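Letters A, B, ... mirror the listed sequences (proteins, then strands); counts begin at 1. Just so you know, these numbers come straight off a predicted model, no measurement behind them.
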Amino acid sequence: MKNGTKWKLMIEVHVLNLDGIWFGVACDQLQIVASSFSPTQQKTLSNVLASIPYQKPFQVFVKPSDFAQTASVCIKKIYDGQGVDEPLPLAYASLPAYTQKVLKATLQIPLGYVASYGAIAKAVGGSPRAVGNVMASNPFAPIVPCHRVVKTDLKLGGYGGGLRVKVELLNREKRGFSHSKQVQVDDGSLTVFPAEYVLNSLV
DNA sequence: TGCAAACCATAAC
DNA sequence: GTTATGGTTTGCA
């Protein structure tokens, strides 16, 4: 734990169960390093550990720090379809530049809306396939709302946490919007569609 | 519809 | 370096 003269930055890993879902978050004192959720504690924990992008000592706490507590509550709110008022500080720095761009663009998709892989690719550069890759390895689920990214034909596409969860999240987030709109991302704009478009096409 | 090829950033070797 | 791998898209039959 100690490295000679001073403390290393410690990563704290915390899991909690809310409504039968295990939420996990890894953070240091300043920002979230990784997050995940799944039906089992073990899977959540291993997901989070696998997502920690660099080797640092970490510790699993039973009693979370204030920051970890706040982060967990935010994740739960997101899972409930409520969204959060304040953006959570995420540790992007260690991720590849393109990954950062895609994640940031994904964060711009408003609650209740979805965007396509292709549209994101257009906005940030690269190809839809590459965007899909970033989503697949999204270390900040569900904080970065990769569940709001779908195929061009408004079919679901895939989801790391399982398609059932993706549908569930979109169902909770839907707000009865009826028109697509444009949102600004980094250096382009992104067309987003109401979540209903996707949910309605499921039946 | 369904298939095949192009797409392109990463991770793994 | 090189290769394999996708949460996709598009075009063509």
Separation of [N] [atom2] from [X] [atom1] (nearest whole Å):
X        : N      : atom1 : atom2 : value
A:Arg164 : C:dG7  : CZ    : C1'   : 17 Å
A:Asn138 : C:dG6  : CG    : C1'   : 15 Å
A:Leu103 : B:dT10 : CG    : C1'   : 13 Å
A:Leu95  : B:dA9  : CG    : C1'   : 13 Å
A:Lys155 : B:dG2  : NZ    : P     : 10 Å
A:Asn133 : B:dC8  : CG    : C1'   : 8 Å
A:Lys122 : B:dC7  : NZ    : C1'   : 14 Å
A:Met135 : C:dT5  : CE    : C1'   : 17 Å

Residue [X], side-chain heavy atoms: nucleotide from [options] that is nearest:
X        : options              : result
A:Arg129 : B:dT10, C:dG6, C:dT9 : C:dG6
A:Tyr98  : C:dG7, B:dT10, C:dG6 : B:dT10
A:Pro128 : B:dC8, C:dG7, C:dT9  : C:dT9

*Give the intermediate values and the outcome of side-chain contact (heavy atoms from CB on, under 4.5 Å) for residues A:Lys155 and A:Val150.*
CA-CA 6 Å; A:Lys155 297 250 171 61; A:Val150 298; over 6 Å; no
*asked:* Once hydrogens and angles are ignored, does a donor-acceptor distance under 3.5 Å link the base of C:dG7 to the side chain of A:Tyr117?
replied: yes
*Distance check: side-chain N/O of A:Thr152 vs OP1/OP2 of C:dT9, anything under 4.0 Å?*
yes
_Just N and O in the side chain of A:Thr99: are any of them under 4.0 Å from OP1 or OP2 of B:dT10?_
yes
*Start with the C-alpha distance between A:Tyr98 and A:Val134, add both sets of side-chain angles, then the distance that settles side-chain contact (heavy atoms from CB on, under 4.5 Å), and finish with yes or no.*
CA-CA 9 Å; A:Tyr98 184 76; A:Val134 174; 4.2 Å; yes
_Counter-base of C:dA13, judged by Watson-Crick or G-U geometry with both distances under 3.5 Å_ = B:dT1
*Under a 3.5 Å cut-off for both distances, is C:dG7 Watson-Crick or wobble paired, and to whom?*
none
*Are the side chain of A:Arg175 and the backbone N or O of A:Gly112 linked by a donor-acceptor pair below 3.5 Å?*
no
_Atom pair CD/CZ of A:Gln31 and A:Phe140 - distance to nearest 0.5 Å_ = 8.0 Å
*Thinking salt bridges, do A:Arg164 and A:Glu168 make one under a 4.0 Å N-O criterion?*
no
